[in-house]
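So that the names make sense, note that chain A is the first sequence line, chain B the second, and so on, each numbered from 1.
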Number of protein chains: 2
Amino acid sequence: MAKAGVAVARREEVVAGLPSPKAGQILLAARKVFMRDGYGSASMDAIAREAAVSKATLYAHFSGKEALFAAVIRERCQHLTRSLSPAELEPLELAEALRRVGRHFLDLILSPEAVAIYRVVVAEAPRFKELGRVFYESGPMQVKRSLADYLAAAARRGLLAVPEPYLAAEQFVGMLQSHFHLMRVLGVAGRPSDAQIAQAIELAVRVLTRGYAVG
Amino acid sequence: MAKAGVAVARREEVVAGLPSPKAGQILLAARKVFMRDGYGSASMDAIAREAAVSKATLYAHFSGKEALFAAVIRERCQHLTRSLSPAELEPLELAEALRRVGRHFLDLILSPEAVAIYRVVVAEAPRFKELGRVFYESGPMQVKRSLADYLAAAARRGLLAVPEPYLAAEQFVGMLQSHFHLMRVLGVAGRPSDAQIAQAIELAVRVLTRGYAVG
DNA sequence: GTCTATATACAGATAGAC
DNA sequence: GTCTATCTGTATATAGAC
C-alpha cells in the first residue's frame with residue numbers, strides 16, 4: 001500500500017480547525033509519512049506526493065520541514081488527549097474505578113497511533129525539546145493527574161492510605177505499562193489480547209490496593 | 001564539540017573483539033553519530049569524518065549504512081548487559097534485595113548511553129525488526145528474569161505469596177521505570193536526584209512487599 | 001586496505017508562469 | 001495559491017590509483 005504510484009487526494013479523515021482544505025490534506029499526509037518513516041528519513045517530496053500537491057504549495061502553507069513536523073505532533077497530541085472525567089469514576093467501587101482507569105490508559109498508549117507518535121517524539125526529543133513536553137503533558141501527565149485526584153479522594157474517604165497520590169498514580173500506570181508498552185514500541189510483540197490486558201489490570205489493582213491498604 | 005573540524009583518531013574507548021583496529025574506530029564513530037543524530041539523519045560522511053577514515057575504508061569494513069547500524073546496536077546491547085547474580089541477592093533481607101535490584105535497574109536504564117540507544121532502537125524498530133528483539137532480550141528481559149527467579153525463591157521460603165513471579169517482576173520494574181524513564185527519554189527532565197531515586201525505590205518496595213504479603 | 005575523486009540520486013527549498 | 005522546473009547541497013555508494 002502507498003507504493004510509489006500516482007498519488008490521489010485522500011478524504012478518509014479531516015483535520016479540523018484549519019483555514020484551507022489544502023492545509024488539512026498536507027497535515028494529514030505529513031502525519032502519515034512522518035509516522036511511517038520518522039523525521040530524518042521522511043522527505044518533503046514524499047509528503048507532497050502523499051498530499052497530492054506540489055512542493056511549492058507545501059511550502060506556501062508551512063515554512064519548512066521542522067515547522068510541519070511540529071504542527072503534526074501538536075495536532076496529534078491534542079487529538080489523543082481524552083481524559084476520564086472524575087464524574088465517571090466517583091460512583092464506582094474502588095477496584096472497579098481502578099480497572100476503568102487502567103483499561104482507558106492501556107487503550108490509549110497501545111493504539112497504533114499512540115505508538116507511532118511515541119516513536120517519533122522519542123527519537124526527535126533531543127532536537128525538538130518542546131515537543132517532548134507537549135507530548136508528556138497532553139498524554140501521560142493528564143492520566144496520572146486525574147488518577148492522583150481520584151486516589152486522594154479515596155484516601156479522604158478512608159478507603160486507602162496514600163501519602164503521595166501522584167506517586168501512587170505513577171506506580172499504577174507504571175505497572176500496567178511495563179507489561180506491554182515496551183514490547184510494543186520495540187516491535188517485539190503486537191497488541192496484547194484482551195485476556196492478557198485483563199490479567200495485568202487485575203494484578204495491578206490487587207497490588208496497589210493491598211500496597212496502600214489502610215491500617 | 002565535534003564541530004565540522006578536522007577529525008582526529010580517538011582512543012578513548014576500545015571496542016573489543018574486532019579483527020582490525022580501524023573497524024573499532026569506525027564502530028565507535030558510528031555509535032557516536034547514530035546516537036546523536038538518529039539513523040535517518042546520520043550520514044556516512046559524518047561517520048567517516050568522526051572515525052578519521054575515508055568513506056571507501058568505511059565501506060571496506062561494512063557493507064552499508066544498515067549493516068553498520070545493526071553492528072552498532074548489537075555491540076552496545078551486548079555491552080550494556082550486566083545482570084545481578086543470584087549469589088549477590090541471596091544473603092540479603094527481602095526489602096534490601098529489592099532495593100539493590102531497583103537501584104541496579106534504574107542505574108542501567110537512566111544512563112545516557114542506555115537512553116540514547118533506547119531512542120534509536122525505538123525509532124527504527126519498524127524497519128529493523130530484529131534489533132528491537134535484541135535490545136529487549138539483552139536488557140529488560142534479563143533484569144526481569146533474574147528478579148523473577150529471586151521472587152520465586154522468596155515465595156518458596158514463605159516470605160511472599162507470588163503466584164506469577166515474572167509478572168510481579170514486571171510490576172516492580174514498571175513502578176520504578178514509570179517515575180523517571182519516560183520524562184528522561186522525552187527530554188522533559190534530566191537525570192533524577194539520588195533522593196528522588198531512593199524515594200521511588202522505597203515506595204516500590206513497600207507496595208510490592210505489601211501487595212504480595214503472605215496471608 | 002586505504003586513499004582521492006567521482007558517479008548518481010535525491011534532499012530541502014525557491015523562481016517564475018498562470 | 002498552485003503549478004512546473006530548477007537551484008544547490010548532500011546523500012549513499014563506488015572506481016581506480018597507490
Colleague: For B/G38, does its backbone N or O pair with a side-chain atom of B/S41 as donor and acceptor, under 3.5 Å?
Modeller: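 Judged by distance alone, no pair lies under 3.5 Å.
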Colleague: To the nearest Å, give me how far apart OH (A/Y39) and C1' (C/dA11) are.
Modeller: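 Distance, rounded to whole Å: 12 Å.
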Colleague: Both A/A42 and B/A60 contact DNA chain C. Taking the nearest nucleotide for each, which residue is further toward the 5' end?
Modeller: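 It is B/A60, whose closest nucleotide lies nearer the 5' terminus.
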Colleague: Distances under 3.5 Å between protein N/O atoms and the N/O atoms of nucleotides 3-7 of chain C, please, pair by pair.
Modeller:
residue : atom : partner : partner atom : Å
C/dC3   : OP2  : B/S54   : N            : 3.0
C/dC3   : OP2  : B/S54   : OG           : 3.1
C/dC3   : OP2  : B/T57   : OG1          : 2.3

Colleague: Check the distance between D/dA11's P and B/E66's CD and give it to me in whole angstrom.
Modeller: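 Those two atoms, CD and P, are 17 Å apart.
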Colleague: Please give me the minimum heavy-atom distance between B/A152 and B/P165, naming the atom from each residue.
Modeller: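 Answer, listing the atom of B/A152 first, then B/P165: CB-CG, 4.0 Å.
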Colleague: Charged N to carboxylate O under 4.0 angstrom, A/R133 versus A/E137?
Modeller: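 Salt bridge flag = yes for A/E137 with A/R133.
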Colleague: Below 6.0 angstrom between ring centroids: does that apply to B/F128 and B/Y39?
Modeller: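 Judged by ring-centre distance (under 6.0 Å), B/F128 and B/Y39 do meet the cut-off.
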Colleague: Measure from CE on A/M44 to P on D/dC7 and round the result to the nearest Å.
Modeller: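 So the two atoms are 20 Å apart, to the nearest Å.
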Colleague: Would you please confirm or rule out a distance under 4.0 Å between OP1 or OP2 of D/dA13 and any side-chain N or O of B/Y59?
Modeller: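 Affirmative; the distance criterion is met.
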Colleague: Choose from C/dT2, D/dT2, C/dG12 the nucleotide whose nearest atom is closest to any side-chain atom of B/H61.
Modeller: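 From the listed options, C/dT2 comes nearest.
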Colleague: What is the distance, to the nearest angstrom, from the CD1 atom on A/I47 to the P atom on C/dA13?
Modeller: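 It works out to 11 Å between those atoms.
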Colleague: Is a side-chain N or O of A/S178 found less than 3.5 angstrom from the main chain of A/G174, in a donor-acceptor match?
Modeller: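 No: the side chain of A/S178 does not pair with the backbone of A/G174.
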Colleague: May I have the distance from A/D45 (atom CG) to D/dA11 (atom P), rounded to whole angstrom?
Modeller: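 Taking atom P of D/dA11 as the reference, CG of A/D45 is at 16 Å.
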Colleague: Using the side-chain heavy atoms of A/S43, tell me which of these nucleotides is nearest: D/dA11, C/dT2, C/dG12.
Modeller: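 Of the candidates, C/dG12 comes closest.
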Colleague: Does one side chain, of B/Q171 or B/Y212, offer a donor that lies under 3.5 Å from an acceptor on the other?
Modeller: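 B/Q171 vs B/Y212: donor-acceptor pair found between side chains.
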Colleague: Rounded to the Å, how far apart are B/I26 CD1 and C/dT2 C1'?
Modeller: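 Result: 10 Å.
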